[in-house]
> 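Submitted below is the structure of interest, expressed as structure tokens.
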Amino acid sequence: MMHSAASPAVARALDLVRAMHGDPAAFGRIREVVADAVPDVPRRLLDHRSHMTVAMERFHGGPVALRVVAERPVATNEPGERYAREILLVRGDGAVVQHGIVQIDFDAVPKATADAIRARRAPLGRILIDAGLLCDVQDVRLLEISAGPHLAKLFGCAAGALVYGRVAAICVAGVAAVELLEIVAPTPVMSAR
């Protein structure tokens, strides 16, 4: 089975993948899983309602940096400016620790925050935290992804490798602002812990 079409979490993930890629199959096969089906390390990094930036910094013992893979405006039938980007978070030594696709409603965040996001200098979670915004990470669902060629290339792993991620939403001051797909990179450091 390519994608679990009955799962709203998979549908959310596929919507984000489609915002950046024409062919979700090149990205990977996605299915929703329960927490017990996720190995210990990725489960600890994913199964919470906090920013992934914080989880990654805590796990890797220092700040993570942002690398933007692609970005684009999102056309919708609703008013306002929406933006999507595909990113990697990297440790100080350059190792990729996380992949992400986010879609942001710039009308739901202050202008200074939107400008900081557009500047591409820091991870989204760090920007939201540093801005002191009241954020609520909600509707977290865990995923298992069989990496397609695109994701495998970004992670430096074999196509078909199993990786784990989550879809979630972030409300800023009670307003839906961000929809995101976050995937933990398969690294030797992670399997050793």
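We use all heavy atoms of the structure for the numbers below, so side chains are in, but hydrogens, waters and symmetry mates are not. Being a predicted model, the structure only gives us computed values, none of them experimental.
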> Would you call Arg126 and Asp130 a salt bridge, taking side-chain N to carboxylate O under 4.0 Å as the test?
yes

> Please find the pair of heavy atoms, one from Ala169 and one from Glu179, that lie closest to each other, and give the distance.
CB-OE1, 3.6 Å

> Take atom CZ in Arg118; do more than 12 heavy atoms of anything else shown fall under 6.0 Å from it?
yes

> Hey, any chance Val33 and Leu180 share a hydrophobic cluster, counting ILVMFWY side chains that come within less than 4.5 Å of each other, even indirectly?
no

> At their closest point, which heavy atom of Leu142 faces which heavy atom of Ala35, and how far apart are they?
CD1-CA, 3.6 Å

> Can you tell me how far the CD1 atom of Ile145 sits from the CG atom of Leu151, to the nearest 0.5 Å?
7.0 Å

> Any side-chain to backbone donor/acceptor pair from Arg29 onto Ser146? Under 3.5 Å, distance only.
no

> Provide the closest heavy-atom pair for Glu32 versus Val10 in the form atom of the first, atom of the second, distance.
N-CG2, 3.5 Å

> With the 4.5 Å side-chain cut-off for hydrophobic clustering, are Val172 and Val102 part of the same group?
yes

> Any ring-ring contact (aromatic ring centres under 6.0 Å, His included) involving residues 93-130? Give me the pairs, sequence neighbours left out, ordered by first then second residue.
Phe27-His99, Tyr83-Phe106

> Taking the side chain as everything from C-beta on, heavy atoms only, tell me whether Leu133 gets closer than 4.5 Å to Pro110.
yes

> State, with a plain yes or no, whether a side-chain heavy atom of Arg85 is found less than 4.5 Å away from one of Val69.
no

> Given 3.5 Å as the limit, does a donor-acceptor pair link the side chain of Arg72 with the main chain of Ala19, or not?
yes

> Might you point out which heavy atoms bring Glu81 and Asp107 nearest each other, and give the distance in Å?
N-OD2, 3.5 Å

> Do Leu143 and Ile183 sit in one hydrophobic cluster, given that two such residues count as connected whenever their side-chain heavy atoms are within less than 4.5 Å of each other, even indirectly?
yes

> Looking at Gly94 and Arg67, what are the two nearest heavy atoms and their distance?
O-NH2, 3.8 Å

> Are Arg12 and Asp15 close enough for a salt bridge, meaning some N to O gap below 4.0 Å?
no

> Would you give the length of the straight line joining atom CD1 of Ile129 to atom CG of Leu124, rounded to the nearest 0.5 angstrom?
9.5 Å

> Would you compute the distance between atom CD1 of Ile104 and atom CD1 of Ile170 and round it to the nearest 0.5 angstrom?
8.5 Å

> Could you walk me through whether Thr53 and Gln98 satisfy the side chain to side chain contact (heavy atoms under 4.5 Å, CB included) test, starting with their C-alpha distance in whole Å, then the side-chain angles of each, then the deciding distance to 0.1 Å, before giving a yes or no?
CA-CA 9 Å; Thr53 304; Gln98 180 189 314; over 6 Å; no

> Which atom pair, heavy atoms only, marks the closest approach of Ala108 to Val175?
CB-CG1, 3.8 Å

> CG/Asp40 to CG/Asp47 distance, rounded to the nearest 0.5 angstrom?
11.0 Å

> Same cluster or not: Met20 versus Val96, using hydrophobic residues (I, L, V, M, F, W, Y) connected whenever any side-chain heavy atoms lie under 4.5 Å apart?
yes

> Atom CZ of Arg31 and atom CD of Glu144: how far apart are they, to the nearest 0.5 Å?
4.0 Å

> Would you say Leu181 and Val137 are hydrophobically clustered, going by side-chain heavy atoms of ILVMFWY under 4.5 Å?
no

> Starting at CG of Leu45, measure out to CE of Met56 and round the result to the nearest 0.5 Å.
4.5 Å

> Go through it in stages, so that I can follow the logic: the residues are Leu89 and Met52, the test is side chain to side chain contact (heavy atoms under 4.5 Å, CB included), and I'd like the CA-CA distance, side-chain angles, deciding distance and then a yes or no.
CA-CA 10 Å; Leu89 293 184; Met52 284 294 292; 5.5 Å; no

> Going by salt bridge (Lys or Arg N to Asp or Glu O under 4.0 Å), name the pairs with one or both residues in residues 146-170, residues two or more places apart or in two chains.
Arg166-Glu182

> Stepwise, does the side chain to side chain contact (heavy atoms under 4.5 Å, CB included) test hold for Arg121 with Ile127?
CA-CA 9 Å; Arg121 291 191 189 102; Ile127 291 169; over 6 Å; no

